[in-house]
Amino acid sequence: MSTNPTIASNFIQNIIEEDFRNQKYGNKVHTRFPPEPNGYLHIGHAKSICLNFGLARQYSGICNLRFDDTNPVKEDVEYVESIQEDVKWLGFDWEDRMYYASDYFGKLYELALELIKNGHAYVCDLTAQEMREYRGTLTEPGKESPYRSRSVEENLDLFKRMRAGEFPDGARVLRAKIDMSSPNLNMRDPVLYRISHAEHHRTGDEWCIYPMYDYAHPISDALENITHSICTLEFEDHRPLYDWVLEACKFEVPRPQQIEFARLNLNNTVMSKRKLRLLVEGGHVRGWDDPRMPTISGLRRRGYTPEAIRDFCDRIGIAKSNSTVDIAMLEHCIREDLNARANRAMVVIKPLKIVIENYPENQTEDLIAENNPEKPEMGNRTIPFSREIYIEQDDFMENPPKKFFRLAPGQEVRLKHAYIIKCEDIIKDESGNFIELRCSYDPETKSGGANSGRKVKGTLHWVSAKHAISAEVRLYDYLLLEDNEQESDDFIDALNKNSLETIDNAMAEPSLVDAKLGNRYQFLRQGYFCVDNDTEPGKPVFNRVVGLRDSWAKTQKG
Ligand code: ATP
Ligand code: MG
């Protein structure tokens, strides 16, 4: 998958290659991506997707998509659908291997009956509160449940009645019988099944007991012949339980092995489905695909490409200890991708009118502009020039400081692809606001012409007033301004109030009238933009993907 030869092989590749040498699974690599359908995928999931599907691709193996749908209360088909769309969009293919943990509910139940018969599981009536008390702590061993010594017959009877719906939620659980004094809390008779009279999005009301993740996950892996079951570091302490379940359920060797890696954290970014859901449900964003969201659908709408996201996932690599990646690196990846492939265009976001007094009243010239200076093969387009144009309000100052190389009274600038102009006069309203500027142009300085070599310090983007089309432009900033806010739970109070700025009357060069969903541009001097879904015929809406200043590339050089 990685197209970047400088990326060192990661420790998981080392494990796989060691397994090849020992012929542990023959030469097989079979991974899976196991999302819980309780929200939309985010950029952290993209890391896991690229890793799992990427390893399969690299070693000529296969990767399954498996919905880990064992918690009916929070799950929904809307999420199942969005997850499929996002994985495909990222460029990966599970072929005919899309599974659900709920496909295995029958098998999981039978295996639980076997565990009971073999003395490896028991029905426990302790309340949740009592279970916590019996569990002990990191420094104290736990106490055995008084129900631990129930007979196999009694356990079988109670478990079957749990399944038949005889007991209310929380009345009883099925627990593994392992070791209440284990130093690993996960091994102190963990819960395998709980009662929940909840409607499941696939199995309806067929089940009123649901398996726990730690029980369902290893078995799902084994049933699918997974070789390398890759998960994030917080499951490291669960690995002995993963192995115990497969052993106790008598799966044949070689069994799948769990391997943990560090999850992706990004500064200025909320990265947990639970918190993302709070943003959506609280109306703090427009939805899961709001361009400010770190969801894959949000990044897509923002204008990110799958190539840039995959490149980012390659570059951050795979590690065994948690760290936080600078979001500037993600932005660097999209900039690099779009620099190479986006057409250039001129859009004036906050317009200030200029009348070029010595330019003929009814004249229009079609000027030639290259679509992408990095790629001559992307061709040229024409841009109309006329007597009245718009420039950016910020590109003019009446009393400029030194080194202001833009427009000021008596000062000259070049208009990109056009002429050098000079500011002759300012027209103001009664309160002193600028209404328009009066300028002159030097006809000898046409870009590409004989005298175009005459140099002035500044070059501005502009549009012809009578040809320009009106566009809506949306500028984004981070939802979180402080890096540490992602940790706190009151992050809602700390949300950046100015994360979205909408300008509904930007002026765009006329070629953008045809801008279609999926098109991406570099607006000169403003950044990279994409066409938003809200676009209507004749009135494009553009999202700023990212500005032009690359703070990440800078820190790499310095
Ligand atoms: P969250 O904590 O954001 O709610 P999750 O871990 O509950 O995410 P799952 O749907 O269970 O979400 O995750 C599916 C897979 O994606 C898991 O294998 C999980 O380890 C991986 N994953 C989730 N978040 C990240 C992340 N930030 N970085 C890397 N992998 C992740
Ligand atoms: Mg999870």
Side-chain angles (χ1 to χ4, degrees), residues 303 331-332 334-354 356 365-386 388-397 404-407 412-421 437 439 441 445-448 452 455-465 467-476 501 503 505-515 519-532 540-551 553:
E331 295 168 352
H332 171 79
I334 186 65
R335 242 181 233 117
E336 222 179 51
D337 189 26
L338 294 185
N339 182 42
R341 60 162 129 179
N343 278 353
R344 274 46 175 174
M346 293 202 284
V347 175
V348 174
I349 295 184
K350 293 176 184 164
L352 173 62
K353 191 168 180 185
I354 289 184
I356 302 169
E365 270 176 278
D366 281 332
L367 304 173
I368 308 287
E370 75 272 355
N371 283 329
N372 186 330
E374 315 258 318
K375 296 244 174 105
E377 67 272 21
M378 285 171 71
N380 296 321
R381 67 191 186 288
T382 58
I383 301 177
F385 184 77
S386 65
E388 297 191 354
I389 64 167
Y390 294 115
I391 64 164
E392 220 56 74
Q393 288 168 13
D394 284 352
D395 282 336
F396 174 76
M397 279 182 92
F404 182 77
F405 298 125
R406 292 176 257 172
L407 201 59
E412 284 191 325
V413 288
R414 173 170 288 284
L415 297 175
K416 181 75 180 173
H417 303 306
Y419 298 94
I420 291 174
I421 58 167
L437 305 178
C439 293
Y441 87 118
T445 56
K446 185 168 176 174
S447 287
S452 67
K455 289 268 189 306
V456 286
K457 279 253 162 74
T459 301
L460 305 185
H461 63 281
W462 56 275
V463 293
S464 162
H467 301 95
I469 57 165
S470 165
E472 180 175 323
V473 168
R474 298 176 183 167
L475 305 176
Y476 300 100
E501 185 187 356
I503 296 103
N505 56 351
M507 289 291 156
E509 66 170 72
S511 71
L512 290 176
V513 76
D514 294 328
N519 286 172
R520 298 177 178 87
Y521 302 90
Q522 185 195 97
F523 292 172
L524 294 184
R525 302 175 64 233
Q526 299 286 8
Y528 293 97
F529 289 75
C530 78
V531 178
D532 187 80
V541 178
F542 295 104
N543 294 317
R544 179 149 74 189
V545 189
V546 68
L548 291 175
R549 269 182 51 140
D550 193 331
S551 57

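Model, not experiment: these values are computed from the prediction.
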What's the separation between atom CG in N543 and atom CG in D532, rounded to the nearest 0.5 Å? 4.0 Å
Atom pair CE (M397) and CG (L407), whose distance is rounded to the nearest 0.5 Å: 12.0 Å
Over all heavy atoms of both residues, which pair between Q393 and P351 is shortest? Give the atoms and the distance, please. NE2-O, 3.1 Å
State the CE-CD1 distance between M346 and I383, to the nearest 0.5 angstrom. 4.0 Å
State, yes or no, whether a side-chain contact exists between L524 and K416 at a heavy-atom distance under 4.5 Å. yes
So does D394 get a backbone contact from the side chain of R406, meaning a donor-acceptor N/O pair under 3.5 Å? yes
Output the distance between atom CD1 (I356) and atom CD1 (I421), rounded to the nearest 0.5 Å. 5.5 Å
Kindly write out the residues that satisfy salt bridge (Lys or Arg N to Asp or Glu O under 4.0 Å) with E374, not counting sequence neighbours, or none if the list is empty. none
Please name all residues satisfying salt bridge (Lys or Arg N to Asp or Glu O under 4.0 Å) with E331, sequence neighbours left out, ordered by chain then number. none
With sequence neighbours excluded, residues passing ring-ring contact (aromatic ring centres under 6.0 Å, His included) with F523: F529, F542
Return the set of residues passing side chain to side chain donor-acceptor pair (under 3.5 Å) with E412 (not counting sequence neighbours), or none when no residue passes. R454
Got a sec, which pairs hit salt bridge (charged side-chain N to carboxylate O under 4.0 Å, His left out) with one end in residues 335-346, sequence neighbours left out? E307-R341, R315-E336, R335-D550, D337-R341
Contacts of type ring-ring contact (aromatic ring centres under 6.0 Å, His included), residue H332, not counting sequence neighbours: W552
So K350 and I503, do their side chains get closer than 4.5 Å, heavy atoms only? yes
Sorted by chain and number, sequence neighbours left out, side-chain contact (heavy atoms from CB on, under 4.5 Å) with R520 holds for T305, L338, C530
For V531 and A515, the nearest pair of non-hydrogen atoms, with its separation, is CG2-CB, 3.7 Å
Interatomic spacing from CG in N519 to CG in D514 - rounded to 0.5 Å: 9.0 Å
I'd like to know if R525 pairs up with D395 as an ion pair, taking the criterion as any Lys NZ or Arg NE/NH1/NH2 lying under 4.0 Å from an Asp or Glu carboxylate oxygen. yes
Heavy atoms of A508 and V347 approach each other most closely as CB-CG2, 3.8 Å
For A418 and L367, which heavy atoms make the closest approach, and how far apart are they? CB-CD1, 3.5 Å
Find out whether H467 and S386 are in side-chain contact, i.e. whether some heavy atom of one side chain is under 4.5 Å from a heavy atom of the other. yes
Should H461 and V348 count as side-chain neighbours, where that means a heavy-atom distance under 4.5 Å? yes
Using the side-chain contact (heavy atoms from CB on, under 4.5 Å) rule, take L437 and L352 through it: C-alpha gap first, then chi angles, then the decisive distance, then the call. CA-CA 8 Å; L437 305 178; L352 173 62; 3.8 Å; yes
Shortest non-hydrogen contact from I354 to C439? CG2-SG, 3.6 Å
Calculate, to the nearest 0.5 Å, the distance between atoms CD1 and OG1 belonging to I368 and T382 respectively. 6.5 Å
Stepwise side-chain contact (heavy atoms from CB on, under 4.5 Å) test for Q526 and L548: CA-CA 7 Å; Q526 299 286 8; L548 291 175; over 6 Å; no
We want to know whether R414 and S447 form a side-chain donor-acceptor pair, criterion being a heavy-atom distance below 3.5 angstrom. yes
Quick one: side-chain contact (heavy atoms from CB on, under 4.5 Å) partners of M378, sequence neighbours excluded? N343, N371, N372, K375
Considering non-hydrogen atoms only, spot the tightest contact between Y528 and Q522 and give its length. OH-NE2, 3.0 Å
Report the residues that fulfil side chain to side chain donor-acceptor pair (under 3.5 Å) with R549, sequence neighbours left out, ordered by chain and then residue number. none
Report the residues that fulfil ring-ring contact (aromatic ring centres under 6.0 Å, His included) with F385, sequence neighbours left out, ordered by chain and then residue number. Y359, Y419, W462
With sequence neighbours excluded, tell me which residues meet salt bridge (Lys or Arg N to Asp or Glu O under 4.0 Å) with R381. E509
List the residues meeting side-chain contact (heavy atoms from CB on, under 4.5 Å) with K353, not counting sequence neighbours, and say none if there are none. E388, Y390, E436
Do side-chain atoms of E501 reach the backbone of R474 as a donor and acceptor pair under 3.5 angstrom? no
